[in-house]
Participant: 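This is the structure I have questions about; it appears just below.
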Amino acid sequence: MAHSTPAASIYEGGFADPVGASQTVFRALMDAMARPGTVHALPAVTAPPAPLTASASALIATLADADTPVWLDPALTKTNAIKDWIVFHTGAPITAYQSEAAFAVVAAPQSLSALNGFSLGTQEFPDRSTSVILQVTTLTEGVALTLEGPGIKDRTTLAPAPMPQHFSEQWMANRQAFPRGIDLILAGPGSVAAMPRSTRLIRKEA
Amino acid sequence: MTAPMTETNTQNLASYNFAYLDEQTKRMIRRAILKGIAIPGYQVPFASREMPMPYGWGTGGVQVTAAIIGRDDVLKVIDQGADDTTNAVSIRAFFAKTAGVATTTATPDATIIQTRHRIPETPLHAGQVLVYQVPIPEPLRFLEPRETETRKMHALEEYGLMHVKLYEDIARNGRIATTYAYPVKVEGRYVMDPSPTPKFDNPKMHQSEALQLFGAGREKRIYAVPPHTNVVSLDFEDHPFEIQHFTEPCALCGAEQVYLDEVVLDDKGGRMFVCSDTHHCESRRAEGHRGALLGDEPVVEKEAAI
């Protein structure tokens, strides 16, 4: 107890101001979701164990609780530290099954095999779907995606990286399932953007 | 039982969480709001809480506002366009007390506008959130009382019944007689109840700059329309949708092309039509616009005059 061991760090790095911080993070995320493609600043309000990033952990700490199973990708489950950090700070159960997850956190989007393994909800209850948080290193310097749909005036672009393989094909399949489908939350360094299922990806033909 | 009671008695209002709701409830509402934004027009079920006001007084809107409001927000609350009626005043006071936020009656200054059934005449701008208090969120409810059936109808995009209802209006009255809660289709998919706004306001929902959130407390539903989203009022080719038209301008500020309330003046049939949006009317009068029935003396005491 005298000196802090690596295991002790899971008890630290949560919200110092749970009420204010979660509201600030949520408002940034709500604006990002309402205006897909726009990038919103996230304050550094959490300090999780690596490789979970500050922005992804702030989002999960804002959204997850005992009612929402969380799935973690293999990059986050190499040690127990991240699992324990999320359980301690949110109370959310960690699930091994993508299809059971209310939220998924993906630290290595380039290794994510498929988006359709997550819960897409049902035709009657399309809200019972997984919201997938992708940790990306940039939201502006990757391969540009051209987006249109609700929340977007005309068209907009977003350039996140890294992204899952064959992303445009996978996203079009996700859009085909509307109103079922997953919603993507892109957690960049100190920033957040979103691609709800309603967003359409425009293929660059010309 | 006595011990907790004593403890409660020693607590004061300040021991409520910011914006009244506990954090777990806010998280649950926030998750519902995000799903609602992702599926425009779809009614997301949520675990509505009892609020310190009766159902029908805007508990759904209050819960949505409580979940999104922050210390820097500026709140405006309107009841049928008016900032000064009981419902609007008490909800504004509720958040001023429980969240300590600034409140305003000026539409352009507000970041969150909670409304019972009107959209302000002043066009909303990006960054504003319009929160509607919704009594019956299900547009098909009066046509089909069973929730299991209406849910299936939304799932299958089976909205023929709604068109039959509008057609029956035409068959009986020669026109679509629905004047409020006029059904709309959001982004070509979900038929949505715009809450009982007059249909005059329906066109303002289409491609709005502001995010629109809808909360129904008693019915436990949240839904949303993101900015720049298509919101189309249902109609027929030979009976296109049209909004109400008023023959005379506002009697106080002379405004035309705005929604007017009828005010009965005496028991001899005297009446006047005035702006339903009080902020719009007051700011026009402050700019020097004068209606036919506005008194001659300059409006100094606005509060007293109303």
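In the text below, chain A, chain B and the rest are named by the order of the sequence lines, each starting its count at 1. The figures that follow rest on heavy atoms only: side chains count, while hydrogens, waters and symmetry mates do not.
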Participant: Under a 4.5 Å heavy-atom cut-off, does chain B meet the side chain of A:Pro18, its backbone, both or neither?
Facilitator: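 Looking at A:Pro18, just its backbone touches chain B.
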Participant: Where on A:Phe103 is there a heavy atom nearer than 4.5 Å to chain B: the side chain, the backbone, both, or neither?
Facilitator: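 Looking at A:Phe103, just its side chain touches chain B.
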Participant: Can you tell which of A:Pro196, A:Gly91, A:Ser129 has the highest number of heavy-atom pairs within less than 4.5 Å of chain B?
Facilitator: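 Greatest number of close heavy-atom pairs with chain B: A:Ser129.
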Participant: Write out, in numerical order, the residues from residues 28-40 of chain B with a heavy atom short of 4.5 Å from a heavy atom in chain A.
Facilitator: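 Listed by number: B:Arg30, B:Arg31, B:Ile33, B:Leu34, B:Lys35, B:Ile37, B:Ala38, B:Ile39, B:Pro40.
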Participant: Please classify the contact between A:Ala194 and chain B as side chain, backbone, both or neither, with a heavy-atom cut-off of under 4.5 Å.
Facilitator: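 No part of it gets close to chain B.
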Participant: Counting only heavy atoms closer than 4.5 Å, note whether A:Thr24 contacts chain B via side chain, backbone, both or neither.
Facilitator: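 Neither the backbone nor the side chain of A:Thr24 comes within 4.5 Å of chain B.
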Participant: For the NZ atom on B:Lys220, are there more than 12 heavy atoms of other groups (residues, nucleotides or ligands in this structure) within a distance under 6.0 Å?
Facilitator: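 Enclosed: over 12 neighbouring heavy atoms sit under 6.0 Å from NZ of B:Lys220.
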Participant: Take atom NE2 in A:His166; do more than 12 heavy atoms of anything else shown fall under 6.0 Å from it?
Facilitator: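 No, not enclosed.
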Participant: Where does B:Asp73 contact chain A at under 4.5 Å (heavy atoms): side chain, backbone, both or neither?
Facilitator: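 It is the side chain, since no backbone atom gets that close.
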Participant: Identify which part of B:Glu209 has an atom lying under 4.5 Å from any heavy atom of chain A, answering side chain, backbone, both or neither.
Facilitator: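 Contact with chain A involves both backbone and side-chain atoms of B:Glu209.
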Participant: Top residue by heavy-atom pair count (under 4.5 Å) with chain B, among A:Gln23, A:Gln123, A:Met33, A:Arg197?
Facilitator: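 The candidate making the most pairs under 4.5 Å is A:Gln23.
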Participant: Any side-chain heavy-atom pair from B:Tyr42 and A:Pro179 closer than 4.5 angstrom?
Facilitator: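 B:Tyr42 vs A:Pro179: side chains apart.
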Participant: For each of B:Asp72, B:Leu211, B:Ile69, B:Val129, tally heavy-atom pairs with chain A at distances under 4.5 Å, and name the one with the top tally.
Facilitator: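 Sorted descending by pairs with chain A, the first entry is B:Ile69.
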Participant: Find the one option among A:Pro36, A:Gly149, A:Ala64 whose heavy-atom pairs under 4.5 Å with chain B are most numerous.
Facilitator: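 The option with the most such pairs is A:Ala64.
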Participant: Could you tell me which residues satisfy ring-ring contact (aromatic ring centres under 6.0 Å, His included) with A:Phe178, sequence neighbours excluded, listed by chain and number?
Facilitator: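 Partners of A:Phe178 under the ring-ring contact (aromatic ring centres under 6.0 Å, His included) test: none.
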Participant: Can you find a heavy atom in the side chain of A:Asp127 that is under 4.5 Å from one in the side chain of B:Pro45?
Facilitator: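 Yes; the side chains approach each other to less than 4.5 Å.
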Participant: Side chain, backbone, both or neither: which part of A:Thr68 has a non-hydrogen atom closer than 4.5 Å to chain B?
Facilitator: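 For A:Thr68, side-chain heavy atoms alone lie under 4.5 Å from chain B.
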Participant: Would you call B:Arg27 and A:Asp67 a salt bridge, using N to O less than 4.0 angstrom?
Facilitator: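 Judged by the 4.0 Å cut-off on N to carboxylate O distance, B:Arg27 and A:Asp67 do not form a salt bridge.
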Participant: Please report the C-alpha distance between A:Ser22 and B:Glu23 in whole Å, then the side-chain angles of each, then the deciding distance to 0.1 Å, and finally whether the side-chain hydrogen bond (donor to acceptor under 3.5 Å, both in side chains) criterion is met.
Facilitator: CA-CA 9 Å; A:Ser22 59; B:Glu23 290 302 300; 3.3 Å; yes
Participant: Under 4.5 Å from any heavy atom of chain B, what part of A:Ile152 do you find: side chain, backbone, both or neither?
Facilitator: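 Backbone of A:Ile152 only, per the 4.5 Å heavy-atom cut-off to chain B.
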Participant: Heavy-atom distances under 4.5 Å only: say whether A:Asp65 touches chain B with side chain, backbone, both or neither.
Facilitator: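 Contact with chain B involves both backbone and side-chain atoms of A:Asp65.
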Participant: Using non-hydrogen atoms and a 4.5 Å limit, figure out which bit of B:Leu21 sits close to chain A: side chain, backbone, both or neither.
Facilitator: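 For B:Leu21, there is no contact with chain A at all, as no heavy atom is under 4.5 Å.
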Participant: With only heavy atoms counted, which part of B:Val225 is less than 4.5 Å from chain A, the side chain, the backbone, both or neither?
Facilitator: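 For B:Val225, neither part sits under 4.5 Å from chain A.
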Participant: Quick one: which residues of residues 141-163 of chain B reach chain A at under 4.5 angstrom, heavy atoms only?
Facilitator: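 So far as heavy atoms go, B:Arg151, B:Lys152, B:Ala155 are the residues that approach chain A to under 4.5 Å.
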Participant: Apply ring-ring contact (aromatic ring centres under 6.0 Å, His included) to B:His228 and list each qualifying residue two or more places apart in sequence or on a separate chain.
Facilitator: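 Counting only residues at least two positions away or on another chain, B:His228 forms no ring-ring contact (aromatic ring centres under 6.0 Å, His included).
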Participant: Show the nearest heavy-atom pair for residues A:Arg27 and B:Gly70, with the distance to one decimal.
Facilitator: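 Smallest interatomic distance, heavy atoms only, reads NH1-N, 4.2 Å.
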